[in-house]
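To start, the structure itself, in structure tokens.
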Amino acid sequence: MKKLHRNIHNWYQHHGRQTLPWRNTDEPYYIYLSEVMLQQTQVKTVYERYYFPFIERFPTLKELGESKLDDVLKMWEGLGYYNRAKNLHKTATLVHELPSDIEELIKLPGIGKNTAHAIAAFAFHQPVPIMEANVKRILCRIYKLKTPTEKELWEYAYRLVDRDNPFDYNQAMMDIGATICLPKNAQCNLCPLESICQGKVDPGLYPMKKKRLVPTREEHIVIHSYNDRLSLSQRSGKFLHGLWGFESMEVPPCAAEYLGEVSHAYTHFKLNCKVYLYYESSPEQIHYFNLDEIRELAISKVDEKILKLLEKTIETL
DNA sequence: CACTCGTGGGG
DNA sequence: TCCCCAAGAGT
């Protein structure tokens with residue numbers, strides 16, 4: 001085991017992504033923020049577009065908690081999974097300093113078991129493993145697991161973790177998963193875990209991937225226009241919560257001008273929208289904005305596409 | 001335990 | 001064009 005840990009550590013010294021900014025800070029808030037941003041999100045996106053602007057706008061947990069949720073959502077715009085922003089803000093209102101205890105961390109909204117362990121290992125150097133996508137795939141291959149339970153995975157993770165250097169070990173595991181133990185075409189000959197890996201003969205078998213069908217939804221979007229201003233409303237459900245958007249209907253509207261079609265792919269369904277423009281003679285909706293004001297609102301990708309279609313239509317008039 | 005919840009990149 | 005997949009959490 002000690003030799004294995006040396007292999008992993010040595011690999012990390014030579015091939016790890018050590019320059020990532022959240023690996024070079026002792027500030028728990030920055031590490032926590034990176035963990036939340038990186039949930040189901042690629043490193044490149046967080047690093048190039050969101051991490052630094054967010055910190056500049058909200059330098060401390062305290063200032064984040066004292067900000068409006070709408071301002072937080074605006075900084076999160078385009079990153080997706082907007083409940084992360086809501087929970088991040090909620091947590092910032094609850095504490096001005098992050099606890100180091102895993103049991104306390106996990107009580108905070110938006111911090112699950114993995115993020116709690118990641119904060120513990122990366123911000124407070126506790127000897128605990130993490131359990132995200134890369135680690136899962138590596139463990140499945142090492143121990144030839146096709147459909148393991150979460151509990152099972154954690155048991156293997158605790159068995160393997162380097163308690164003498166949990167920071168480098170956990171970072172290394174993620175880098176190995178991201179660059180060596182790939183979902184397709186695993187580079188086993190370059191892997192520091194190759195000697196103990198039971199699945200290296202056919203890594204593609206582990207873990208077993210489940211396919212699911214993606215249904216398609218058809219919707220009709222109506223842009224209400226009054227006095228050169230447009231109506232948008234703020235979503236309240238859990239889908240795109242807090243973001244502003246145009247009205248959506250299941251039935252095509254009457255007396256509205258058809259502008260065109262917009263489609264968008266989500267994880268669990270595809271959306272096809274027919275977009276209409278409706279000129280109102282008197283204000284019927286609550287909120288109306290001009291284009292400059294809309295730019296100040298947090299809106300989702302579909303509504304961005306719809307807006308672009310509208311602007312294109314206006315240009316041709 | 002299965003499903004929801006966004007978006008961008010890569011094959 | 002389509003499908004897979006990313007530093008997962010909440011229900």
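Values reported hereafter were calculated over all heavy atoms of this structure, with side chains retained and with hydrogens, waters and symmetry mates removed. Throughout, protein chains are lettered first and strands after them, A, B, ... in sequence-line order, and every chain is numbered starting at 1.
- Judged as a side-chain hydrogen bond (donor to acceptor under 3.5 Å, both in side chains), the pairs with a partner in residues 81-95 of chain A (not counting sequence neighbours) are, in order, Thr41(A)-Arg84(A).
- A side-chain hydrogen bond (donor to acceptor under 3.5 Å, both in side chains) check over residues 179-198 of chain A, counting only residues at least two apart or in different chains, returns the pairs Glu194(A)-Lys200(A).
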Identify each atom pair where a protein N or O and an N or O of nucleotides 9-11 of chain C are less than 3.5 Å apart, giving names and distance.
unit_1, atom_1, unit_2, atom_2, d
dA9(C), OP1, Gly112(A), N, 3.2
dA9(C), OP1, Thr115(A), N, 2.9
dA9(C), OP1, Thr115(A), OG1, 2.5
dG10(C), OP1, Gly110(A), N, 2.4

Would you tabulate the nitrogen or oxygen pairs shorter than 3.5 Å linking the protein to nucleotides 7-10 of chain B?
unit_1, atom_1, unit_2, atom_2, d
dT7(B), OP1, Tyr82(A), OH, 3.0
dT7(B), OP1, Lys301(A), N, 2.9
dT7(B), OP2, His264(A), NE2, 3.1
dT7(B), O3', Gly78(A), O, 3.4
dT7(B), O4, Thr267(A), OG1, 3.3
dG8(B), OP1, Lys301(A), NZ, 3.1

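- Side-chain N/O atoms of Lys270(A) include one lying less than 4.0 angstrom from OP1 or OP2 on dC3(C).
- Remark: Lys68(A) pairs with no residue by the salt bridge (Lys or Arg N to Asp or Glu O under 4.0 Å) rule, at least two apart or across chains.
- Within the 4.0 angstrom heavy-atom criterion, no nucleotide atom of any strand lies near Val214(A).
- The residue Trp76(A) sits apart from the nucleic acid: no heavy atom pair falls under 4.0 Å.
- Contacts of Arg163(A) classified as salt bridge (Lys or Arg N to Asp or Glu O under 4.0 Å), with partners at least two apart in sequence or in another chain: none.
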With a 3.5 Å cut-off and sequence neighbours excluded, list the donor-acceptor pairs that the side chains of residues 238-248 of chain A form with protein atoms.
unit_1, atom_1, unit_2, atom_2, d
His241(A), ND1, Ser236(A), O, 3.1
His241(A), ND1, Gly237(A), O, 2.8
Glu247(A), OE1, His224(A), NE2, 2.4
Ser248(A), OG, Glu219(A), OE1, 2.7

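- When the P atom is used for both dT4(B) and dC4(C), the distance is 16 Å, rounded to whole Å.
- Here, dG11(B) and dA7(C) have their P atoms 15 Å apart, quoted to the whole Å.
- By the side chain to side chain donor-acceptor pair (under 3.5 Å) test, Ser34(A) is found to be paired with no residue, residues two or more places apart in sequence or in another chain being considered.
- Counting non-hydrogen atoms of neighbouring residues, nucleotides and ligands closer than 6.0 angstrom, the CD atom of Glu56(A) reaches no more than 12 such neighbours.
- With sequence neighbours left out, Glu280(A) forms a salt bridge (Lys or Arg N to Asp or Glu O under 4.0 Å) with no residue at all.
- Of the residues in residues 118-137 of chain A, those lying under 4.0 Å from DNA chain C by heavy-atom distance are Glu132(A), Ala133(A), Asn134(A), Arg137(A).
- Lys270(A) pairs by the side chain to side chain donor-acceptor pair (under 3.5 Å) definition with nothing, not counting sequence neighbours.
- Partners of Glu66(A) by side chain to side chain donor-acceptor pair (under 3.5 Å), not counting sequence neighbours, listed by chain and number: Lys62(A).
- An OP1 or OP2 oxygen of dC5(B) is reached within less than 4.0 angstrom by no side-chain nitrogen or oxygen of His241(A).
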